[in-house]
Protein chains: 2
Amino acid sequence: MKVLLITLEPERAASEPESPAAALRDLGCDVRAFGFDLGFDEDDLSKDPPQLLVLDARERLEMAYSTLKTLRDLPPLQGTPVIVAVTTQRLSSLDFRAGDDFILVPVVPAELYARLRQLDWRFAAFSAADRVKVGDLEIDTSGYEAFVRDRKLDLTHQEFELLKFLAQNRGKVWTREQLLSKVWGYRYFGGTRTVDIHVRRLRAKLGSPADAMIETVRNVGYKLVDPIVGARG
Amino acid sequence: MKVLLITLEPERAASEPESPAAALRDLGCDVRAFGFDLGFDEDDLSKDPPQLLVLDARERLEMAYSTLKTLRDLPPLQGTPVIVAVTTQRLSSLDFRAGDDFILVPVVPAELYARLRQLDWRFAAFSAADRVKVGDLEIDTSGYEAFVRDRKLDLTHQEFELLKFLAQNRGKVWTREQLLSKVWGYRYFGGTRTVDIHVRRLRAKLGSPADAMIETVRNVGYKLVDPIVGARG
DNA sequence: GGTCCGTGATGGATGACTTCCACTGCTCCT
DNA sequence: AGGAGCAGTGGAAGTCATCCATCACGGACC
């Protein structure tokens, strides 16, 4: 599980026993730790958004909420569940408007694990149907549906995954090998022409003029462009 | 706050330090304590229903869930939030379909208070709408009944739970594994084909054309769609 | 103790999807 | 202008997920 951890001393956090960082590490989470000054690159975050946000607030609850307010405005963190680690003394200052969960320090790894499972259970239902829009194209990633001007596309699974990936990473050209590894999976063994064929069927189903959104870049690969942005260039 | 407490030894419960009973007493709650055999009068309960249900399960989690199942069927407890007190050792056996929140014993009163406030906030925000409508389908979650165009469906328990879950989370595709963990319980280990079977039986009972509301998404799973929304394709 | 009902497992059939192959057409470089 | 290489096209075969029929098990109820 990918976790974004905000803590006082990011470097030393995991070495402290009974800290949220140590517990997350023990649970085998993929943790990226940052301080409350948030020294991370927002683009990096967008490419690989975390599934969970953990705020190691302890005594510094006000500072943590201030940071959380900033984090909530970042698009890649929209709808991400949050767990706030807090001391017993500061429990009374907790603010539940965020609708998330809290845990006491010292952290019991088994409890943290249970709260993760609980959040997963609660949020699975809530995870807002996130939609990706590019020009006339609209993709409902949770419903596995794609629309062009409200006309529903009848896509196969692989076609949908390819279109979704291109749309989520629009503007950038992807080689066939990259697409195979990212859309088909890292262990894929096969010819790169498979990508061509899926692009072809995708274009056919998109229809004119939306098919022009998938551009072929000779000797490199494919990219999906926003027609509005593309038109001025 | 009126609390119904289910614990092993109702008479002595409050005298034990760090027990849920003692913590509730310290918080000034109006506690009525009963054993797991539930020796209370249902009429009394109806006249003065509790606002919270606390299960002091500790090691006896299975027994607590069994009791909870019985309690859930009592009309005066419909929609009452539940907190399960459990030991660290039994955390891994928690089933989140049943309880709304949990707390570790020994209980820290301040934490219990915080969890009460959290539950209060959560329940105020989502005042359980016990009737779900999707197209011609109408589900009465508290009455365990489902209707299609006012024709009552004769569903089994598992079929009803599956339909309810899909209806409450319509539009989103769920994998078989997700459905197993959310509808059957996360501890369920078995073939994913079980989901197929129940979907098939559900479709048969829904009848045409309502059966088309449950869509199969190849390579992913199932979802329930609102036919009105779906019609734009 | 027998029967019915709910639940989940198994194996085969079906049909859709993915992939590969051979060919054609196009683009860019020389 | 010619050629090499890359991308698009059509068809065909293999694979795989889903659906379906049937059966086995366990509990509830009579």
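Order of the sequence lines sets the chain letters (A, B, ...), proteins ahead of strands, with each chain counted from 1. The analysis underlying the following values was restricted to heavy atoms, covering all of them including side chains, and did not include hydrogens, waters or symmetry mates.
- Rounded to a whole Å, the CG atom of A:Asp196 is 14 Å from the C1' atom of C:dC21.
- Rounded to a whole Å, the CD atom of B:Glu177 is 12 Å from the P atom of D:dA17.
- Between B:Asp154 and B:Thr194, the residue anchored closer to the 5' end of DNA chain C is B:Asp154, taking for each the nucleotide with the nearest heavy atom.
- One finds a salt bridge joining B:Lys223 and A:Glu145 here, because a Lys/Arg side-chain nitrogen approaches an Asp/Glu carboxylate oxygen to under 4.0 Å.
- Take the nearest nucleotide of DNA chain D for A:Arg218 and for B:Arg176: the residue whose nucleotide is more 5' is A:Arg218.
- Between A:Asp154 and A:Lys152 there is no salt bridge, since no side-chain N of the basic residue sits under 4.0 Å from a carboxylate O of the acidic one.
- Checked for salt-bridge contact, B:Glu16 and B:Arg58 meet the test: a charged N lies under 4.0 Å from a carboxylate O.
- The side chain of B:Ile197 lies closest to C:dA9, out of C:dA9, D:dA7, D:dT18.
- Look at CZ on A:Arg193: it is 14 Å from P on C:dT24, rounded to the nearest Å.
- Computed from coordinates, the B:Asp211 CG to D:dC19 C1' distance equals 14 Å when rounded to whole Å.
- C:dC20 atom C1' lies 14 Å from atom CG of A:Leu180, rounded to whole Å.
- B:Phe160 comes within 4.0 angstrom of nothing in the nucleic acid, heavy atoms only.
- Within the nucleic acid shown, B:Arg201 comes within 4.0 Å of at least one base atom, counting heavy atoms only.
- The listed nucleotides are C:dT7, D:dT18, D:dG8; the one nearest the side chain of A:Thr216 is D:dG8.
- OP1 or OP2 of C:dT18 has not a single side-chain nitrogen or oxygen of A:Trp184 nearer than 4.0 Å.
- Closest to the side chain of B:Thr156, from the set C:dG6, C:dT19, C:dT18, is C:dG6.
- Summarising the geometry, the separation between CH2 on A:Trp174 and P on D:dA7 is reported as 18 Å, rounded to the nearest angstrom.
- Side-chain proximity of A:His198 to the nucleotides D:dA17, C:dT7, C:dT18 is greatest for C:dT18.
- Note on B:Tyr222: a side-chain N or O is less than 4.0 Å away from OP1 or OP2 of D:dC19.
- More than 12 heavy-atom neighbours from other residues, nucleotides or ligands sit within 6.0 angstrom of CZ on B:Arg176.
- Of the options B:Phe160, B:Trp174, B:Tyr222, a ring-ring contact (aromatic ring centres under 6.0 Å, His included) to B:Phe165 is made by B:Trp174 and by none of the others.
- The distance from atom CD of B:Gln158 to atom P of C:dG6 is 12 Å, rounded to the nearest whole Å.
- Rounded to a whole Å, the CG atom of A:Asn219 is 9 Å from the C1' atom of C:dC28.
- Residue side chain A:Arg200 reaches the base of D:dG10 through a donor-acceptor N/O pair under 3.5 Å, judged by distance alone.
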